[in-house]
Amino acid sequence: MPETVVAVGHDELAALKHVALDGGLAGPVKVSCAGLAERLDASNQTASRRLQRLDESGLVERDIVSDGQWVSITDDGEAALRQEYADYRRVFEDDTELTLTGSVTGGMGEGRHYISLSGYMEQFEERLGYEPFAGTLNVELTDESVRTRAGMTNLDAVPIDGWEDDERTFGPASCYAATVEHDGATYETTHIIVPERTHHDERQLEIIAPDKLRDALGLDDGATVTVYVEEA
């Protein structure tokens with residue numbers, strides 16, 4: 001039978017936030033329903049139900065013991081909190097541009113292969129207005145920029161459709177307009193490409209541009225770059 005996905009609302013996310021404030025992102029923390037209920041201004045039963053729903057939805061993992069429970073936040077739970085963080089940034093900062101910082105790293109050559117495929121290249125030329133250099137600039141983000149990156153989902157992106165040939169299916173991607181800066185020099189016509197299916201985590205950025213950015217900006221592995229992400 002298919003797995004049932006339990007939806008969570010703002011009440012459950014409030015409980016998740018308190019678990020995170022207690023250290024639940026770093027590992028299991030001891031949580032009592034009475035203590036959580038007091039912080040949520042709710043009954044013990046309500047606090048218990050909220051933790052149960054978080055567990056059933058895959059946002060936390062619990063180990064129930066005689067005097068409470070040990071609770072840790074999963075990767076999905078962290079992603080939910082990052083989305084909340086991004087939403088509040090938009091509320092209070094009124095920012096339509098995100099600033100990300102990271103270090104240039106070597107890639108595995110996959111970007112060069114996929115970008116060069118005709119099914120993608122034709123869309124790049126039509127929708128981005130240029131033919132990208134056959135390869136991506138790979139950037140490993142700082143911890144703070146990993147958190148900031150969550151706000152990208154609130155920015156408009158250029159969609160790149162999935163397609164297929166006689167042998168396999170290729171997935172869709174989103175392209176976010178960006179400017180890359182290094183040591184006072186800037187390159188404005190770039191896009192962060194985010195495939196729907198990727199082996200990269202949220203710490204990794206892949207950037208495409210009409211030219212080889214390493215040459216255009218004089219970048220070596222380890223060079224620090226600032227990436228300004230804008231509305232497409």
Side-chain angles (χ1 to χ4, degrees), residues 79 82 86 89-90 93 95-163 165 168 170-232:
R82 289 191 186 280
R89 278 180 61 102
R90 294 195 76 194
E93 297 181 13
D95 204 352
T96 57
E97 179 182 89
L98 300 178
T99 301
L100 307 176
T101 303
S103 301
V104 173
T105 64
M108 293 182 290
E110 292 187 1
R112 175 186 299 273
H113 170 68
Y114 284 105
I115 287 172
S116 300
L117 295 174
S118 60
Y120 288 130
M121 187 62 74
E122 291 171 1
Q123 295 186 69
F124 292 145
E125 291 185 60
E126 176 185 351
R127 301 180 184 184
L128 304 184
Y130 62 86
E131 178 181 314
F133 168 79
T136 60
L137 179 70
N138 296 276
V139 178
E140 182 172 339
L141 297 176
T142 64
D143 290 341
E144 181 179 356
S145 290
V146 171
R147 294 189 290 270
T148 302
R149 177 183 178 155
M152 277 175 49
T153 59
N154 294 316
L155 298 177
D156 290 334
V158 177
I160 303 297
D161 299 329
W163 55 283
D165 59 17
R168 59 170 294 185
F170 298 89
S174 298
C175 290
Y176 295 87
T179 296
V180 180
E181 180 180 82
H182 169 69
D183 198 22
T186 60
Y187 195 108
E188 296 184 356
T189 309
T190 79
H191 286 83
I192 297 169
I193 184 166
V194 183
E196 185 176 277
R197 300 190 300 267
T198 178
H199 62 273
H200 289 312
D201 59 23
E202 294 300 305
R203 187 171 293 276
Q204 301 293 325
L205 286 185
E206 289 185 286
I207 304 173
I208 60 176
D211 300 304
K212 185 177 181 180
L213 289 172
R214 281 178 176 265
D215 292 346
L217 293 174
L219 301 172
D220 295 317
D221 284 355
T224 298
V225 296
T226 302
V227 183
Y228 302 100
V229 193
E230 306 136 10
E231 291 280 6

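- Annotation: side chain of I115 is not in contact with side chain of E206 (no heavy-atom distance under 4.5 Å).
- Relative ring orientation between F170 and W163 is described as parallel, the plane-to-plane angle staying below 30° on a 0-90° scale split at 30° and 60°.
- Minimum heavy-atom separation, L219 to V104: CD1-CG2, 4.2 Å.
- Heavy-atom minimum distance, S174 versus A157: CB-CB, 4.0 Å.
- Contact detail for Y176 and M152: the closest heavy-atom pair is CE2-O, 3.1 Å.
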(request) Please test L213 against H182 for side-chain contact (heavy atoms from CB on, under 4.5 Å), starting from the C-alpha separation and ending with a verdict. (result) CA-CA 10 Å; L213 289 172; H182 169 69; over 6 Å; no
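- Closest of all the heavy-atom pairs between E230 and L155 is O-CD1, 4.2 Å.
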(request) Tell me, with the steps shown, if R214 and D221 meet side-chain contact (heavy atoms from CB on, under 4.5 Å). (result) CA-CA 9 Å; R214 281 178 176 265; D221 284 355; 2.5 Å; yes
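- With rounding to the nearest 0.5 Å, the separation of CG in L128 from CD1 in I160 is 5.0 Å.
- Rounded to the nearest 0.5 angstrom, L217 CG and L137 CG are separated by 8.0 Å.
- Across all non-hydrogen atoms, the minimal contact from P132 to M121 is CD-SD, 3.3 Å.
- Closest heavy-atom contact between S145 and T101: OG-N, 2.8 Å.
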(message) Let's go through R149 and V229 carefully: what are the C-alpha distance in whole Å and the side-chain angles of both, what is the deciding distance for side-chain contact (heavy atoms from CB on, under 4.5 Å) to 0.1 Å, and is it a yes or a no?
(response) CA-CA 9 Å; R149 177 183 178 155; V229 193; over 6 Å; no
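- The number of heavy-atom neighbours closer than 6.0 Å to CD of E188, taken from other residues, nucleotides and ligands shown, is 12 or below.
- Two residues are said to be in side-chain contact when any heavy atoms from C-beta on lie closer than 4.5 Å; P210 and Y187 meet this criterion.
- In terms of the salt bridge (charged side-chain N to carboxylate O under 4.0 Å, His left out) criterion, residue partners of D143 (sequence neighbours excluded) are, by chain and number, R203.
- Counting only heavy atoms from C-beta outward, the side chains of T99 and T226 approach each other to under 4.5 Å.
- The distance from atom CG of D161 to atom CD of Q123, rounded to the nearest 0.5 Å, is 4.5 Å.
- Considering CG of L117 and CZ of F124, their distance stands at 9.0 Å, rounded to 0.5 Å.
- From L141, atom CG reaches atom CG of L100 across 5.5 Å, with rounding to the nearest 0.5 Å.
- Taking OH of Y120 as the reference point, atom CD1 of I193 lies at 7.5 Å (rounded to 0.5 Å).
- Here the side chain of D165 pairs a donor or acceptor atom with the backbone of R168 at under 3.5 angstrom.
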